[in-house]
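The structure appears right after this line, and notes come after that.
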Amino acid sequence: DQEEEEEEEEEEPMFWRCEVCGKDFKSKSQFENHEKSKAHKKKVADFIRADQKAQREADKRRAGTKKKQQKCAPAPPPLLSDSEEDSLSDSLSDSDDEYAAAAASASSGQSTQGGAQGGAQG
């Protein structure tokens, strides 16, 4: 069985095919001569140009899609320096403390300076 498989591998194909031109040849030498012909070389060059053009157009479409996505996406927030971030964090926590105090006093019936009375006056 193994000898038969080796013999099959060594046999030449029944024909050679030029995929670019769509032509079949009975011998390897005919195929090689065809590859050297002007007609084949022109078709290969045309094929390469068409493929490159299609690739450029696909790249443009992808780039256009990315631009559309970028236009639709919200801009990221500006980056803060460490000191700006600390300052913002401190001011937010101060606001949270005032809000918590105002909420606690409102629920207990008491008022604070910066809480419910201050809001009613402003």
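Shown are K41, K42, H40; of these, the side chain to side chain contact (heavy atoms under 4.5 Å, CB included) with V44 is made only by H40.
The pair D59-R56 fails the salt-bridge criterion, with no side-chain N (NZ, NE, NH1 or NH2) lying under 4.0 Å from an Asp/Glu carboxylate O. Salt bridge status for R49 with D46: present, with a side-chain N to carboxylate O gap under 4.0 Å.
Residues C21 and K43 approach most closely at SG-CD, 3.6 Å, considering heavy atoms. Nearest heavy-atom pair across F25 and C18 is CE1-CB, 4.2 Å.
Considering only heavy atoms from C-beta on, W16 stays 4.5 Å or farther from Q30 through its side chain. Looking at K23 and H34, their side chains come closer than 4.5 Å, going by heavy atoms from C-beta outward.
Rounding to the nearest 0.5 angstrom, the gap separating the CG atom in D24 from the CD atom in E19 is 8.5 Å.
Counted by atom type alone, D51 and Q55 present zero donor-acceptor pairs between their side chains at under 3.5 Å.
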